[in-house]
Amino acid sequence: MTQNDGDDYAFETRQIHAGELIDAEANARVTPIYQTAGYVFDSFDDGEARFAGRAGRAYSRNDNPTNAVASRRLANLEGGVDAVLVASGQAAIAAALFGLASAGDHILTTDSLYEGTREMFRGALKRQGLNFTAVAADADEETWLAKVTPRTKAIYTETIPNPLGDVVDLERLGRIAENAGVPLVVDNTVATPYLCRPFEWGAHIVIHSTSKWLAGHGAVIGGAIIDSGRFDWAANAERFPQLTTPPRPGVGSFVERFGQSAYLAYLRTVIVLEYGPTVPPSSTFLLLSGLETLSLRMERHVDNAQAVAESLVDHPAVSRVLYPGLPSDPHYELGRKYLPSGAGSIVSIDLRGGRDAARVFFDALTLVSRMTHIGDVRTLAIHTGSTIHAKLSEEERLSIGIVPGLIRLSIGLEKADDIVRDLRQALDKAALVEGD
Ligand SMILES: Cc1ncc(COP(=O)(O)O)c(C=O)c1O
């Protein structure tokens, strides 16, 4: 089954077969790890043709058969035309934006995002000359469009923002992006294509940290960028000259040469080739093994998360459970629209006793791992204010909803009763701590 001819198969079948490669040497059923830096050129002319992209592969920095299988599979599962794999989710975000914007350019973002992303936007990418403006996801269209300048190159968001779970209205943002003449870039890490496929709602580019649910076992770091092929670069030619003007005399523009895949071709042959954020094929082998069971794991992840969220709402130590699968959650309706098969498996809780209660709760966990990471088979907990958000002032943390007692849980695949038992015994201890 190739990337595109499997579209009449169900997700569960495509996660195992789409884009597969039967190795020519041994007919190995499982995609081999092509652990090689380069590929032999048959001749002088073959070397020239490989470098020009007319034949075979030239070098593993941006082109490896194991990585190509996972790229095709992810593109298939998201409903895109093409994908490129990189070394981490952070690398995917940076590469995606380097493919769209250069120094002096501007990106609009929603205001609730993974803090590592926010940190990169206000740190490393800002130092490279990119400017970011955060807008409330539910701000009206006029507010969004008023922030668009001729140098705005994208709108950036997350399907289920980490850690608050404040699901965004993708369809509305997709419309706003179209009206602004820029692509909507969506980090779909927390939803995965099993729960939500942002291209069906108007997104143009999807990025993933494949380190999380896609690989699933907490054993690898990786990232991916997937292109829907739907953004009309030619209609917005002045904004995206890297795609719409010839790179040198006598060579067609990326749009002329690659059509719908122009952006991904640019990422692969310019951004990834030049910056080199290569993911090792050995990591991709583990990603492929994980992907084969994605649907099964996600069903269990969301069932467990729902059970945990419901079981914690009434605990006296907990003032609030943030989970868009709870009818009481302000993002429940958006969750129902965009996540009909389950609201993901990040459950955040706010402890009444603030930071002191969070410390007692955290130290009392026995089954649940104290760890930064999400989307593992194991249930993980972290106090984000003292770790992921520690570089922010208390005031900054409060302004983005990171209250002192906030604990992020990534609900794993253990038996739900066991997860709940561990969380509740730790909460019982935290309940003894006086509130701030
Ligand atoms: C939503 C989201 N996007 C991107 C990343 C970055 O991914 P990675 O750790 O693979 O670099 C993370 C990491 O936690 C994340 O939660």
Side-chain angles (χ1 to χ4, degrees), residues 67 70 74 78 83-98 107 109-125 134 137 156-168 170 185-193 195-196 198 203 205-226 272 275 277-280 283-284 286-287 290-291 301 305 322 324 338-339 343-348 369 371-376 378 380-384 387-391 400-402 406 408-412:
N67 292 350
L74 285 177
E78 284 286 3
V84 64
L85 254 57
V86 289
S88 67
Q90 291 294 99
I93 298 165
L97 296 187
F98 284 152
I107 313 282
T109 79
T110 46
D111 56 354
S112 178
L113 294 176
Y114 164 56
E115 184 59 17
T117 303
R118 285 175 21 101
E119 199 172 335
M120 171 166 47
F121 289 176
R122 67 173 180 270
L125 295 190
Y156 184 94
T157 192
E158 290 175 15
T159 315
I160 307 177
N162 170 12
L164 299 181
D166 37 356
V167 181
V168 301
L170 285 180
V185 182
V186 178
D187 180 339
N188 198 33
T189 298
V190 179
T192 82
L195 299 180
C196 179
I205 295 163
V206 158
I207 73 109
H208 276 284
S209 164
T210 59
S211 329
K212 318 297 185 193
W213 292 266
L214 295 184
H217 294 87
V220 280
I221 300 287
I225 305 134
I226 303 147
V272 175
Y275 286 95
T278 312
V279 66
S283 293
T284 303
L286 294 176
L287 166 62
L291 269 181
H301 273 298
L322 291 84
Y338 294 109
L339 304 158
S345 55
I346 297 277
V347 176
S348 290
S369 307
M371 189 173 139
T372 188
H373 185 46
I374 47 177
D376 199 299
R378 289 150 281 259
L380 316 175
I382 191 162
H383 177 251
T384 83
T387 55
I388 298 166
H389 294 97
K391 289 182 193 156
I400 57 167
I402 306 301
L406 192 79
R408 182 189 72 192
L409 304 169
S410 174
I411 305 301

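In listed order, ligands and their atoms are each counted from 1.
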In chain order, what residues pass the side-chain hydrogen bond (donor to acceptor under 3.5 Å, both in side chains) check against Ser410, with sequence neighbours excluded?
-> none

Is there a side-chain contact between Leu380 and Arg408 (heavy atoms, below 4.5 Å)?
-> no

Mind checking the CG-OG spacing from Asp376 to Ser369? Nearest 0.5 Å is all I need.
->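 Asp376 CG to Ser369 OG: 7.0 Å, rounded to 0.5 Å.
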
If you round to the nearest 0.5 Å, how far is CG of Leu170 from CG of Asn188?
->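 It is 8.0 Å, given to the nearest 0.5 Å.
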
Counting distance only, does the side-chain N/O of His301 pair as donor-acceptor with the main-chain N or O of Ile411 below 3.5 Å?
->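 Present.
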
Contact table ligand 1 N or O to protein N or O, d under 3.5 Å:
from: ligand 1; atom 1: 3 (N); to: Asp187; atom 2: OD2; distance (Å): 2.6
from: ligand 1; atom 1: 7 (O); to: Ser209; atom 2: OG; distance (Å): 3.1
from: ligand 1; atom 1: 10 (O); to: Gly89; atom 2: N; distance (Å): 2.8
from: ligand 1; atom 1: 10 (O); to: Ser209; atom 2: OG; distance (Å): 2.8
from: ligand 1; atom 1: 10 (O); to: Ser211; atom 2: OG; distance (Å): 2.6
from: ligand 1; atom 1: 11 (O); to: Gly89; atom 2: N; distance (Å): 3.1
from: ligand 1; atom 1: 11 (O); to: Gln90; atom 2: N; distance (Å): 2.9
from: ligand 1; atom 1: 14 (O); to: Lys212; atom 2: NZ; distance (Å): 3.0
from: ligand 1; atom 1: 16 (O); to: Asn162; atom 2: ND2; distance (Å): 2.9

Would you call the rings of Phe98 and Tyr275 parallel, tilted or perpendicular if under 30° counts as parallel and over 60° as perpendicular?
->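 Parallel, since the angle between the ring planes stays under 30°.
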
